[in-house]
Structure formats: structure tokens, C-alpha cells
Amino acid sequence: MDKRNFLISRLIQLFFTYWIILTVLFFLLRLALPDPTGALIMEGLSIEEQEMVRARFGLDLPLPQQYLIYLQNFVKGEFGTSFHYKSAVFPIVMEKLLNTIVLMFFAIFLSYTIGPLLGVLLSWRRGSRLEFAGVVTGLVFRSAPIFWTGMIFIMFLGIRFGIFPTSGMRTLPYEATGFLDKIFTLDFLWHLTLPALTIALYYVALPMLIMRNTMLEVMGEDFIELCQAKGLSQGNIMYRHAARNALLPVVTQAAITIGLAVGGQIVAEVVFSWPGLGREMVQALRTSDYPVAQASFLLMSGLILVMNLLSDLMYSYLDPRVVYRREGA
Amino acid sequence: MRKNLRVLTLILALIFGVSTMAFAGPIPEITILTTTEAYDPIRYEAAFLIKEAWEKLGLRVNVQPLEFSTLIQRFYNEQNFDIAIVGWSGRVERLDPQHFLGTLHSEQTDVGGNNPGGYFNPTFDDLFEKQAVEFDVNKRRELVLEAQAIAMVEQPLSILFYRDEVVAYNNTTFKGFVPMAGEAIYNEWLPFTVEPVGTSRTLTIGTSQEPDNINPLDSTTVWGWKFMRLYYDKLVRLSPDIEPVPWAARSIDPIDDLTIEVVLRSGMTFHDGKPVTVEDIKFTYEYFMEKDFAYFRPFYRPLDRVDIIDSNTLHFILKEPVANFITVTMSQIPILPKHLWENIHDPSQLSPDEVPTIGSGPMKFDRYDRGEYKRLVKFEDHFRAREIDIDAIDYIIYADTEGVFTGMITQQVDMTAWRMEPAQIGLAEQETHLSVVSVPDFGYYHMTYNLRTPPFDDIKFRQAIAHAIPKRTFVDVLLDGRGEPGTSVIAPVNTFWHNYEVRIYEYNLDLAMGLLRQAGYQLDSSGRLNFPE
């Protein structure tokens with residue numbers, strides 16, 4: 001099977017997977033979360049007034065009919081009206097999504113450039129104190145809860161020394177004409193430092209250790225010996241020959257991490273008051289705001305599916321030995 | 001459908017009731033629903049303290065912490081509980097006894113109503129209905145006090161505690177904060193009372209609570225209204241001592257039971273420079289009625305129409321006499337500019353950018369960036385503008401109270417909009433630049449019994465166990481002394497309406513056991529409390 005057929009069959013698969021996710025999500029939220037009008041009672045609304053609100057959001061319709069409306073809306077690219085904000089979901093979610101993506105992009109970029117490089121270094125210095133220190137530090141940050149790392153940063157770099165701001169994306173108030181205008185500033189980078197660093201430190205152990213382990217495997221292969229026989233320098237062998245062959249698992253891992261990243265690091269967003277999608281999702285679940293919750297989860301699952309597909313495709317690019325074949329063919 | 005369900009429940013309850021009467025046995029395990037520890041550690045711990053005390057009386061008690069929205073669902077929408085620990089927040093309009101007394105009215109016992117415990121007492125209902133239409137405040141007060149006395153004797157619920165609002169402000173930047181019951185220092189009078197101490201004339205408020213939206217015909221959260229009320233005026237304002245004072249109205253006089261005459265203050269303008277006229281007032285009230293905004297329904301429901309008498313005078317014509325129309329309705333409905341709203345036919349469909357933000361209040365709306373920032377600036381042409389010593393109010397929105405607290409420590413913000421966590425209070429007190437303010441609340445946390453199921457259908461049982469609720473411990477230990485043990489649904493801080501003579505149930509397990517024995521409840525050989533024979 002050639003690449004084009006592979007792509008088509010994968011796309012059909014993706015379509016069905018997504019439809020299943022859509023359906024499960026719709027029913028799961030309605031089964032698991034309490035009635036969204038519950039909060040209105042606390043505001044003192046009478047039964048009759050609660051009925052008015054239910055009717056407004058279509059919650060009085062039978063569930064199958066609600067499901068059909070939901071599918072129709074989705075096809076039209078609409079996510080409905082938020083029960084909590086009482087305005088269209090899409091702009092709310094989109095703005096938060098961009099905020100999350102920019103944070104996660106920097107964090108993942110940091111960890112997936114530094115991580116693999118460190119991994120190579122560690123495998124090169126196998127058995128040394130450096131390796132020991134590297135592995136232990138990596139694991140410590142991987143095991144430490146993000147809120148803890150974040151709070152330590154806030155305590156020292158934010159409060160004690162006052163070098164970095166502890167919350168938000170910009171110094172308030174700020175004027176920005178658009179999203180790019182908002183982030184292409186030094187002020188933004190200054191605000192980004194602590195949250196991005198916190199998340200990057202959490203992520204960095206994974207690519208680093210994966211790289212180190214695969215490197216150790218690759219180092220035993222014949223072609224490395226050949227390289228050495230050719231008289232290539234150690235650095236050259238490590239980074240140009242061995243590392244390239246050890247990169248595959250790191251790429252897969254990166255793709256999965258990016259896919260999950262759209263949900264953001266909820267904890268980091270809370271600790272640093274970052275106005276991201278993660279915070280929005282938690283809030284939506286708390287208030288039983290189905291439309292916002294649906295939109296956030298759909299964006300997240302969509303991105304995971306696409307990233308998975310991309311990583312599969314990238315495999316063959318990075319390693320020509322990988323061919324796409326139907327089983328048994 | 002719902003009726004059938006109710007009949008079925010009734011039959012089941014009857015069968016169950018008869019069966020327990022016929023075979024007096026041990027009292028079944030009692031489940032207390034409460035919040036999770038993460039949501040509110042105080043209500044969570046309180047449930048366990050009650051369990052501990054009650055088990056000494058031979059009761060089996062199980063504490064079930066629930067996610068807040070699930071708790072609300074089980075309590076209000078399903079009425080599926082033995083005992084639930086919930087609360088009412090103290091909002092200004094609830095200083096009027098109508099709302100809190102109404103939670104014990106039998107009309108509210110249906111699923112989704114405010115009386116999920118199912119309390120029903122014709123005498124109480126009668127007093128409640130009479131006070132609702134009594135214009136004479138002193139006569140009304142008598143009725144309100146009597147209703148409270150009945151509730152305290154019958155114990156359909158137990159008020160556990162009133163929790164103080166503990167907030168803080170930066171004393172090196174601003175002074176003059178005037179606290180209000182239930183509202184602490186983030187109240188309507190803020191622009192008029194604070195004075196800069198340092199150089200900054202912009203008051204920055206740190207908050208973790210955000211409006212759902214700022215559409216006056218669509219916002220259904222306290223945090224939307226706490227923000228909007230600073231840039232909209234109302235006919236009446238409640239003073240810091242909760243006295244209604246004419247505000248946008250120059251005078252308000254009830255002519256008879258169904259007519260209220262309002263004379264508008266002259267010379268007021270909206271933020272866009274247009275004058276505020278009687279047309280705007282009439283339009284506003286009728287617009288809220290016409291669009292039937294559910295959240296405000298209790299406010300405008302008694303209103304029939306508004307008549308313009310002359311260029312300054314209006315008559316509010318009511319459908320029935322309502323005691324709290326002036327104190328509640330007129331102090332809550334914001335005055336909208338007719339010229340901006342009259343062409344909006346479906347205000348609930350407005351996108352956030354389309355919502356008009358022009359009012360005539362002491363502050364002008366400047367901007368709102370969701371999740372980050374809000375700003376109000378002083379309205380120089382307000383009729384009381386010379387009393388305002390600040391130029392602007394900034395709001396920084398944090399993800400949680402921890403973020404707000406960090407903002408207070410790093411002096412990014414000048415005050416908190418909502419209460420601090422107990423652990424933060426001690427830390428704040430150690431900071432010399434912070435002043436901590438403790439304000440009593442008239443909202444309350446209560447434990448409501450499901451009166452439809454035994455043993456809670458027995459008044460004697462409820463009176464006995466009322467002596468087994470360690471309310472002092474809640475306040476001294478859980479609240480660190482910042483609160484009051486609960487008594488009546490109308491809190492003591494609401495001095496005018498609170499009944500100081502109500503029956504108090506001291507914590508005394510021996511007394512509780514004695515009362516249970518008197519009522520026929522007996523301990524069996526395994527030490528478990530049994531129903532009366």
C-alpha cells in the first residue's frame with residue numbers, strides 16, 4: 001500500500017474515531033455532571049424561573065433531540081451558547097486556547113530541545129557522576145508536583161527577590177490590538193518565564209531519559225564501530241550518527257505531549273493565574289457548562305488525533321525503513 | 001409526571017412510616033451530605049464533629065462529602081438526602097427577611113424549591129404571608145420575630161454558624177474602608193469612602209471571582225452585579241447601616257398600599273452625557289418586565305406598571321401590597337438609558353461586545369478583559385462626584401485566592417474582594433502593610449433535615465439532637481473564632497429583624513440523651529438508639 005492510500009484510510013479512521021468521541025462526550029457529560037440549573041437555586045430562582053432558563057438553553061428537549069442539534073451545530077462549526085457566560089462558546093474557548101498554546105509551545109520547545117541534547121550527553125558520559133546527577137535531577141523535577149515547583153519559584157524568584165512577576169500574561173493594564181501584538185513583547189516573555197520554566201522542568205526528564213536509553217542501544221550497533229574505525233570525532237559520532245538514529249521514540253513522545261498540551265497544564269495555569277483553556281475546562285465542569293466543556297474536550301481530542309497521525313507520517317520520513325503495509329500483505 | 005412521582009413518594013413514605021411505627025427498631029444509619037474538604041474544609045470538618053457527637057447518643061452516622069454541584073443537585077433538585085449541610089450567602093437584598101424566612105414556607109417544598117427539607121407549619125406560613133404585605137415596618141417586625149421563634153422551637157433545620165468575612169487591605173496605599181454586613185469592604189460605598197494615603201489614586205482590587213457576563217439583562221451571578229452596581233445607579237441605596245436612602249430618587253412616598261410616588265433627582269446624566277429622565281425610569285422597569293429576566297423576577301413581579309405624572313414624578317402601581325418593594329426592588333434594579341436599550345429586542349442574544357455599558361453611576365465602565373482585568377474610572381458629573389477621592393478602580397483577576405494573596409503580599413493589589421482562607425489570615429496579620437478586617441455575615445451555613453423521613457419527622461427528636469451539635473467548637477476551632485454560633489435564619493448582625501429571644505440549644509449530650517429518653521427513644525443492648533416502642 002502506498003503512502004496515499006495509507007493516508008486516506010487513516011483519515012477515514014480518524015473521522016470515525018472523532019464521531020465516537022463526539023458521542024461519548026455528549027452523553028458522558030450529561031450523565032456525570034449535575035443539572036446545570038442547580039446553581040441557579042442558590043441564586044434564589046423559583047422552580048418556574050428555573051424552567052425558563054432550562055427552556056432557553058434547550059435543556060427541556062428530549063436527549064436524542066439535543067444530541068441531533070449538537071451534531072448539526074458541530075458540522076456547522078458551532079459550539080453553541082455557554083450556560084455560564086451566556087454567550088457564544090467559540091470566541092471564549094479560542095482566546096483561552098491561544099493563551100494555553102503559546103505557554104505550552106515555549107515549555108515543550110524548551111524541554112524537547114534541551115532534553116534530547118542532555119540525553120546524548122548523559123549516555124556519552126555513562127557511569128560518570130554527571131550522568132548520575134543528570135538522571136536524579138531530571139527525575140526529581142518529573143516527580144515533584146507542578147504546583148510545588150511553581151510555588152517555590154514564586155516564593156524565591158517572585159516574592160523574595162522580585163525578579164519575575166508571579167501571575168498573568170502581561171503587566172496590567174495593557175493595550176493590544178490582537179493576539180500577536182499581545183505576545184510579541186518583552187513584557188510577555190518576562191511573564192512567561194516562570195510558568196514556562198516550571199512546565200519545561202517537569203517535561204524535560206522524559207525526552208532526556210528516552211534519548212539516553214535509546215542512545216545506549218544504538219551505541220552497541222555495528223555502524224558506530226565503523227564510524228569509530230573511520231576515525232570520526234566522538235562528538236561527530238554522537239550527535240550526527242547515533243543521535244539521529246535514537247531520535248524516533250523522542251519524536252513520538254513529542255507528538256503525544258503536544259497533543260495533550262492543548263488541555264494545558266491546569267495546575268500551572270492556576271498557580272500562575274495564566275488565563276488558559278485548562279482553567280476554563282475546570283470551571284466548565286464545575287458549573288456543568290456542557291457547551292464549553294464539550295468545545296474544550298473536542299479541541300483537545302482533535303489535536304491529539306491529528307498529532308498522532310502526524311507522528312506516524314513523520315516516522316517514515318525519519319526512518320526510511322518504516323513502510324506502511326496492511327497486515328498480511 | 002411530577003405529580004405521579006409525588007404521589008408515589010407519598011405512598012412509599014407512608015408505607016415506610018407505618019412499618020417503622022409498627023416495628024420499632026434501631027434508627028437506621030443517618031447520612032450527612034457535606035462539601036468536599038477541598039471545596040470547604042469547614043463544612044467538611046463540621047460534619048465529622050456532628051458525627052462524633054451523635055454517635056455518643058447511639059446513632060449511626062455516615063458522612064458523605066460531595067462535589068458542590070452534586071450536593072446542590074441531591075439537596076434541591078432530587079431532595080434525596082437525610083441531612084445536608086449547605087449555606088446561603090448574605091446578599092444585600094437578603095437583609096430583608098423575605099428570602100430567608102421564605103426558605104421555610106410550604107410553597108417552596110416542591111423539587112427545585114428553596115425548602116427541600118419539606119417544613120410545613122400553617123402558623124408559620126400565615127405569619128410569613130402576612131409580613132410580606134405589611135407596610136408598617138414595626139408591625140412587620142413583630143410578625144417576623146414570631147415566625148423566627150416558631151422555627152427555632154420546631155428545629156426544621158439547625159443553623160450551624162455565621163462565618164465572618166475576613167478581608168484585608170493595604171494600609172500604606174488607601175484608608176477609609178467602611179465595612180458592610182455580609183459585603184465586607186467591597187461594597188457599593190467603596191468609591192465614596194476610600195482615600196489615598198500614598199501617591200496612587202487608582203484602587204486595585206485582587207479577585208478570583210469573575211462576572212459571568214456584564215449584561216444587566218443576563219447576568220445571574222453576584223460577581224456580575226457587584227461590578228455593575230458601581231456604574232449603574234438605582235432609585236434607592238442601602239446605607240452601610242442598611243437603611244434605605246433615596247439615591248437617584250429625591251423622595252419616595254407610599255401614597256397608599258398599591259401606589260408609590262417617586263420624585264426623580266434633577267440634573268443627573270448618563271456617562272454619555274444624555275440626561276436621566278422619568279422616561280428612562282419607566283422604560284427600565286417595564287423593560288425588565290417585558291423581557292421577563294428570570295433572575296430579577298422576584299423584584300418586579302409585584303409591579304403592575306409605572307405611570308409618568310410630570311417631568312420629575314412617577315407613580316409605581318403594584319398588583320398587591322408588597323412590604324419590601326422600596327428596600328429590595330428599588331435598590332436592586334439598575335437604571336438603564338432608554339436611548340441605548342429601546343431598540344434591543346432580545347437582550348439575551350447580545351454578544352459581549354454589543355452589550356451597552358453606559359449607566360449613570362459614580363464610576364464609568366472602562367474595560368473588561370475576561371480572565372485578566374477590569375477597570376472603572378470616576379464619573380466626574382455624578383451628583384456626588386466631589387465625595388469620590390479616587391480616579392479609578394482596577395481589578396486584577398487571579399485563578400484562585402492563593403494568587404490574590406500573593407498579590408497582596410507583593411503589593412500588586414490594594415484590597416481583596418472576597419474572604420481570605422483561614423490559613424492566610426494569620427500570615428496577613430504578620431505583614432505590617434496589611435490591615436485585616438473581620439465583618440460579621442448574615443448569610444448562614446445550615447444543616448437541613450429531610451422532614452419526610454423518620455426520625456426527623458419527630459419534633460422531639462430534632463429538639464433533642466439540637467443539644468448535640470457542637471456549634472461553639474465550629475466557631476472556636478474551625479473558624480478560629482471568626483464567626484458566631486448559629487441561631488435563627490435571620491442572623492444577629494441583622495439587628496432590626498433578628499429575634500434575640502429565640503430558644504437557644506446549649507451543647508449538652510446528657511441533656512440530649514435525657515430528652516431522647518423522655519420522647520421514648522431507647523438504647524438497645526448493643527448501645528444503639530431505637531425508635532420509641
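Note on naming: letters A, B, ... go to the chains in the order of the sequence lines (proteins, then strands), and numbering restarts at 1 for each one. Hydrogens, waters and symmetry mates play no part in the numbers below; they use all other heavy atoms, side chains included.
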Quick one: pull up [atom1] in [X] and [atom2] in [Y] and give me the separation to the nearest 0.5 Å.
X: A:Tyr85; Y: B:Thr221; atom1: OH; atom2: OG1; result: 10.5 Å
X: B:Asp400; Y: A:Glu269; atom1: CG; atom2: CD; result: 12.5 Å
X: B:Asp212; Y: A:Phe83; atom1: CG; atom2: CZ; result: 14.0 Å

In terms of heavy-atom contacts, does [atom1] of [X] have more than 12 from other residues, nucleotides or ligands at under 6.0 Å?
X: A:Glu78; atom1: CD; result: yes
X: A:Arg286; atom1: CZ; result: no
X: A:Phe105; atom1: CZ; result: no
X: A:Leu31; atom1: CG; result: yes
X: A:Phe109; atom1: CZ; result: no

Is there a side-chain contact between [X] and [Y], using heavy atoms and a 4.5 Å cut-off?
X: B:Gln73; Y: A:Ser288; result: no
X: A:Val270; Y: B:Glu402; result: no
X: A:Gln283; Y: B:Glu210; result: no

Against chain A, label [X] side chain, backbone, both or neither, depending on which of its atoms sit under 4.5 Å from a heavy atom there.
X: B:Asn215; answer: neither
X: B:Ser348; answer: both
X: B:Ser351; answer: neither
X: B:Gln412; answer: side chain
X: B:Arg367; answer: side chain

Thinking salt bridges, do A:Arg170 and B:Asp369 make one under a 4.0 Å N-O criterion? no
May I ask you to name which of A:Met52, A:Met169, A:Lys86, A:Met151 has the most heavy-atom pairs under 4.5 Å with chain B? A:Lys86
Bottom line for A:Leu33: the part with an atom under 4.5 Å from chain B's heavy atoms is neither
Nearest heavy-atom approach of A:Ser167 to B:Tyr398 is OG-CE2, 3.2 Å
Taking all atoms of both residues into account, what is the closest heavy-atom pair of B:Gly371 and A:Pro275, and its distance? O-CB, 4.0 Å
